[in-house]
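To start, the structure under review is shown below, and the notes come after it.
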Amino acid sequence: LSSVSGDRGQLEQVLVNLCVNARDAMEQGGRLTIETENVLINQSFVDSHPWAKPGRYVLLSVTDTGTGMSAEVKERAFEPFFTTKALHQGTGLGLATVYGIVQQHGGVVYLYSEPGQGTSVKVYLPAAARVVRQPNDKIEALPPRGDETILIAEDEELVRRAVVQLVQRAGYRTIAVATGAEALRIVRDTSEPIHLALLDVVMPDLGGPETAERLRSLCPGLRILFASGYADRRYLERLPRGAQVLAKPFRTDELLRRIRETLDQT
């Protein structure tokens with residue numbers, strides 16, 4: 001994603017305001033989606049979208065599945081103090097503030113909405129053209145890769161899916177499960193060699209340390225890497241001596257480096 005040049009506090013306010021509006025439009029619940037992407041607005045797009053300006057942008061989209069807006073409401077949505085909320089439920093300054101901040105940053109904001117179909121607010125922020133001020137020959141090393149099979153046991157679905165994606169992008173094969181019991185079943189039932197198990201320390205049925213002990217009895221050469229978001233000694237003292245522990249939250253390069261180090265241990 002390209003960089004943008006802007007005031008961090010103001011851009012955070014843009015995001016918060018859009019999310020609050022989305023929440024208020026989904027009184028019975030729904031889905032809030034926040035997306036970013038690089039986009040190029042060319043002249044042909046401007047010809048069919050008069051509000052747009054040519055250039056390279058980072059597009060921030062905030063979309064909800066709420067009540068949506070009528071054409072009349074959309075026309076006035078960015079007006080200061082215009083609101084469809086009941087008395088004492090809002091000032092109507094949320095979208096007006098968003099509009100003002102985006103304009104100050106040289107960007108454009110557009111709103112798509114249909115009654116009963118939800119709303120998507122598109123914020124186009126100019127991509128920054130940054131110039132190197134002095135030469136620098138420092139080259140960051142790429143995260144290490146591999147082709148081994150990694151068993152991932154993590155009970156939080158979003159974390160599990162993210163880890164699987166990161167590890168697969170680095171070339172590894174993955175088997176993902178939500179519990180220690182599932183990890184044991186996989187090792188018992190699969191004929192495919194498993195080279196490393198990445199185990200969450202705290203899981204609902206069998207914790208990481210108990211799972212590791214049973215896994216090693218089934219597969220003595222299996223490498224183990226623990227992941228933990230807890231610094232509490234109660235959890236860390238349960239780990240075997242010399243255990244490899246990755247602290248959550250972790251960066252991508254740190255995750256891949258620790259996986260490679262654990263696999264390469266002699």
Side-chain angles (χ1 to χ4, degrees), residues 1-26 30-43 45-46 48-69 73-85 88-113 118-136 138-140 143 158-159 162 166 229 247-255:
L1 196 67
S2 297
S3 297
V4 298
S5 179
D7 181 276
R8 179 186 295 272
Q10 288 188 329
L11 294 179
E12 285 179 355
Q13 187 175 0
V14 166
L15 186 57
V16 170
N17 285 6
L18 293 179
C19 289
V20 167
N21 278 2
R23 178 202 63 188
D24 292 346
M26 299 186 290
R31 181 183 295 273
L32 169 67
T33 305
I34 301 171
E35 301 169 286
T36 53
E37 60 180 311
N38 294 325
V39 296
L40 170 65
I41 293 182
N42 56 23
Q43 189 58 48
F45 186 88
V46 175
S48 56
H49 301 81
W51 50 266
K53 296 188 292 186
R56 297 186 180 276
Y57 295 86
V58 172
L59 170 59
L60 166 68
S61 304
V62 178
T63 305
D64 65 65
T65 57
T67 54
M69 303 181 192
V73 171
K74 279 194 295 182
E75 286 293 323
R76 302 187 61 190
F78 295 113
E79 293 180 14
F81 302 107
F82 173 76
T83 181
T84 58
K85 297 176 183 177
H88 306 308
Q89 289 187 354
T91 62
L93 286 174
L95 286 179
T97 300
V98 167
Y99 185 86
I101 291 173
V102 173
Q103 289 283 307
Q104 290 171 21
H105 285 75
V108 211
V109 57
Y110 193 74
L111 185 152
Y112 297 84
S113 188
T119 299
S120 183
V121 181
K122 309 284 188 179
V123 174
Y124 295 82
L125 296 169
R130 303 180 66 182
V131 178
V132 176
R133 295 185 177 178
Q134 68 181 63
N136 190 334
K138 181 180 178 183
I139 299 175
E140 296 290 340
L158 290 179
V159 176
L166 295 173
K248 296 181 184 178
F250 42 74
R251 302 186 312 275
T252 301
D253 58 344
E254 183 183 14
L255 169 67

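Counting begins at 1 with the first residue of the sequence.
- How far OG of Ser5 is from CG of Leu11: 9.5 Å, rounded to the nearest 0.5 Å.
- When every heavy atom of Ser113 is checked against every heavy atom of Gly118, the shortest pair comes out as OG-O, 3.1 Å.
- Atom CG in Leu18 sits 13.0 Å away from atom CZ in Arg23 (nearest 0.5 Å).
- To the nearest 0.5 angstrom, Leu111 atom CG is 12.5 Å from Tyr99 atom OH.
- Contact of the Ser120 side chain with the Thr33 side chain is not registered, since no non-hydrogen atoms from C-beta on lie closer than 4.5 Å.
- Ring orientation note: the planes of Tyr57 and Tyr124 are nearly perpendicular, at an angle over 60° on the 30°/60° scale.
- Taking the six-membered ring where tryptophan is involved, the planes of His49 and Phe45 are essentially parallel, since the angle between them stays under 30° and well short of 60°.
- Although no hydrogens or angles enter the test, the distance criterion places no donor-acceptor pair under 3.5 Å between the side chain of Thr119 and the main chain of Thr65.
- Considering every non-hydrogen atom in both Val58 and Ser2, the closest pair reads CG2-O, 3.4 Å.
- Each of Val62, Leu59, Leu60 was evaluated against Lys122; a single residue qualifies, Leu59, per the side-chain contact (heavy atoms from CB on, under 4.5 Å) test.
- Considering every non-hydrogen atom in both Val109 and Val102, the closest pair reads N-CG1, 4.1 Å.
- In this structure, Pro126 and Val4 approach most closely via the heavy-atom pair O-CG1, 3.6 Å.
- Taking 4.5 Å as the limit, every side-chain heavy atom of Val108 sits out of range of all side-chain heavy atoms of Ile41.
- For the side chain to side chain contact (heavy atoms under 4.5 Å, CB included) test, residues two or more places apart in sequence or in another chain that qualify with Gln10 are Asp7, Ile101, Gln104, His105.
- In this structure the side chain of Leu95 never reaches within 4.5 angstrom of the side chain of Asn17, judged on heavy atoms.
- From Ile34, atom CD1 reaches atom CG of Leu15 across 5.0 Å, with rounding to the nearest 0.5 Å.
- Partners of Ala25 by side chain to side chain contact (heavy atoms under 4.5 Å, CB included), not counting sequence neighbours, listed by chain and number: Asp64, Thr67.
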